[in-house]
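Numbering of ligands and ligand atoms starts at 1, following listing order.
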Amino acid sequence: TGVATMKFKSPPVNSLSLDFLTEFCIGLEKLENDRACRGVIFTSTIPKIFSSGLDITEMYGKSTEHYAEFWRAVQEMWLRLYGSNMVTVAAINGSSPAGGCLVALSCDYRIMVENPKFSIGLNEAQLGIVAPFWFKDTFVNVVGHRVAESSLQLGSLHAAPEAHRIGLVDELVPEEKLQERAAAVMAQWLALPDHARQLTKSMMRKAVLDRLVAHREEDIQNFTTFISKESIQKSLRMYMEMLKKKKG
Ligand code: CO8
């Protein structure tokens with residue numbers, strides 16, 4: 001059919017670890033280089049969770065070299081996905097905070113399961129960290145400046161119906177209809193000639209991609225400096241403890 005489905009399966013919560021990001025990029029590159037493949041659907045095999053975002057354990061208690069390597073991998077994932085020539089559809093079958101939301105935002109189209117218990121958003125502010133400019137740019141390009149401004153400042157996680165209302169996801173479907181609907185949307189997008197669609201996509205996204213490419217090393221430096229700060233390390237540690245307590 002020319003369509004691949006990439007299923008995230010990294011228990012317990014599909015966090016974007018260095019290993020996950022590396023596999024993701026290799027997988028995407030293979031598909032990108034496969035002329036028979038024109039579209040990819042991203043979904044999760046883990047119930048109730050699409051992706052829990054960046055793996056927080058990669059961001060504290062490690063060396064600056066590790067933070068730099070990790071951040072380069074996060075950048076690489078976004079550059080490849082946001083800049084992909086293929087049609088990309090996120091079939092969001094669970095919660096998708098922060099980096100998980102970025103993955104969905106970087107696709108061409110987002111379909112989410114209508115369950116109001118599932119939420120999505122760039123909640124970095126809640127962790128005491130700041131979404132980088134290219135997370136913000138991607139978000140603004142989907143929901144517009146006004147919504148992005150309050151949502152980012154408040155670190156909002158939007159329940160599925162609200163995510164749909166603000167345009168963060170394009171449509172909601174019952175869980176059992178998700179894959180069928182993703183395939184139908186994909187067929188609709190693939191009905192157009194690839195070259196016209198690809199050039200249009202590039203025209204819409206190139207400026208945002210170029211901004212990171214031009215400032216990539218500086219962005220890595222900013223991340224390592226920021227994340228290494230004692231106060232930020234403390235915030236992340238407290239956030240992880242809060243997650244563990246919530247469980248207990
Ligand atoms: N990274 C690492 N471990 C995680 C993460 C994560 N993102 N999320 C959850 N876990 C761990 C939990 O600590 C827990 O571990 P353990 O079993 O050892 O106690 C295990 O996964 C299961 O988690 P839960 O019990 O919380 O599972 P639930 O099914 O109840 O909930 C959720 C799943 C909704 C995904 C919930 O775990 C959650 O909200 N997680 C936090 C998500 C989050 O806030 N992610 C933000 C990460 S930061 C990011 O992506 C962008 C950073 C940009 C950096 C910019 C700096 C300059």
Side-chain angles (χ1 to χ4, degrees), residues 8-21 24 44-62 64 66-78 81-82 90 92-106 112-113 115-139 148 151-160 163 212 215-248:
F8 303 153
K9 188 182 183 184
S10 180
V13 289
N14 280 338
S15 63
L16 306 175
S17 63
L18 186 54
D19 285 350
F20 185 110
L21 292 166
F24 183 95
S44 164
T45 59
I46 299 196
K48 301 183 191 144
I49 296 164
F50 180 68
S51 163
S52 70
L54 301 190
D55 192 315
I56 299 167
T57 63
E58 303 275 15
M59 298 191 283
Y60 79 85
K62 303 278 197 302
T64 46
H66 181 87
Y67 297 144
E69 188 186 4
F70 177 62
W71 199 246
R72 191 178 293 283
V74 179
Q75 292 177 332
E76 192 63 31
M77 178 274 291
W78 178 77
L81 183 56
Y82 201 59
I92 311 164
N93 49 350
S95 288
S96 199
C101 177
L102 181 74
V103 169
L105 287 170
S106 304
M112 189 168 186
V113 168
N115 189 338
K117 287 188 180 147
F118 298 165
S119 63
I120 181 165
L122 294 180
N123 61 322
E124 280 79 356
Q126 283 192 39
L127 284 74
I129 55 179
V130 182
F133 71 89
W134 40 285
F135 281 48
K136 180 266 295 171
D137 288 345
T138 313
F139 195 39
S151 183
L152 280 174
Q153 288 189 66
L154 295 170
S156 305
L157 284 172
H158 305 279
L212 178 60
H215 299 283
R216 200 163 173 184
E217 297 310 317
E218 193 185 324
D219 185 59
I220 293 174
Q221 186 60 50
N222 285 344
F223 173 77
T224 54
T225 307
F226 181 76
I227 215 75
S228 305
K229 281 185 185 158
E230 191 46 47
S231 56
I232 303 300
Q233 289 287 302
K234 193 174 162 204
S235 292
L236 291 176
R237 204 164 42 241
M238 281 165 62
Y239 188 75
M240 280 305 272
E241 279 164 15
M242 183 275 290
L243 282 180
K244 287 190 194 306
K245 264 195 207 128
K246 178 198 77 169
K247 205 172 169 187

Looking only at distances, can you tell me whether any N or O atom of P12, backbone or side chain, sits closer than 3.5 Å to an N or O atom of ligand 1? no
Hey, is ligand 1 close enough to S52 that some N/O pair sits below 3.5 Å? yes
Could you say whether the N/O atoms of K244 and ligand 1 ever approach to under 3.5 Å? yes
Identify, by atom number and element, the atoms of ligand 1 in contact range of I129, meaning under 4.0 Å from any of its heavy atoms. 52 (C), 54 (C)
Number the atoms of ligand 1 from 1 as they appear, then name those within less than 4.0 Å of a heavy atom of P97, with their elements. 42 (C)
Partner set under side chain to side chain contact (heavy atoms under 4.5 Å, CB included) for E124, not counting sequence neighbours: A98, L122, I129, A131, F135
Numbered atoms and elements of ligand 1 in range of G53, under 4.0 angstrom, heavy atoms: 50 (O)
For ligand 1, which atoms have a heavy atom of G99 less than 4.0 angstrom away? 49 (C), 50 (O)
Contact (N/O only, under 3.5 Å) between Y239 and ligand 1: yes
Enumerated ligand 1 atoms positioned under 4.0 Å from heavy atoms of L127: 44 (O), 46 (C), 48 (S)
Check ligand 1 against I56 and write out every atom of the ligand that is under 4.0 Å from a heavy-atom position of the residue. 1 (N), 2 (C), 6 (C), 7 (N), 47 (C)
Quick one: which ligand 1 atoms are inside 4.0 Å of a heavy atom on I49? 29 (O), 33 (C)
Near-ring test F20/F8, centroid separation under 6.0 angstrom: yes
Expected output: side-chain S44 to main-chain I49 donor-acceptor under 3.5 Å: yes
Partners meeting side chain to side chain donor-acceptor pair (under 3.5 Å) with T57 (sequence neighbours left out): D55
Does W134 have its ring centroid less than 6.0 Å away from the ring centroid of W71? yes
Contact check, K246 vs ligand 1, heavy-atom distance below 4.0 Å: yes
Could you tell me whether E124 approaches ligand 1 through its side chain, its backbone, both or neither, with non-hydrogen atoms closer than 4.0 Å? side chain
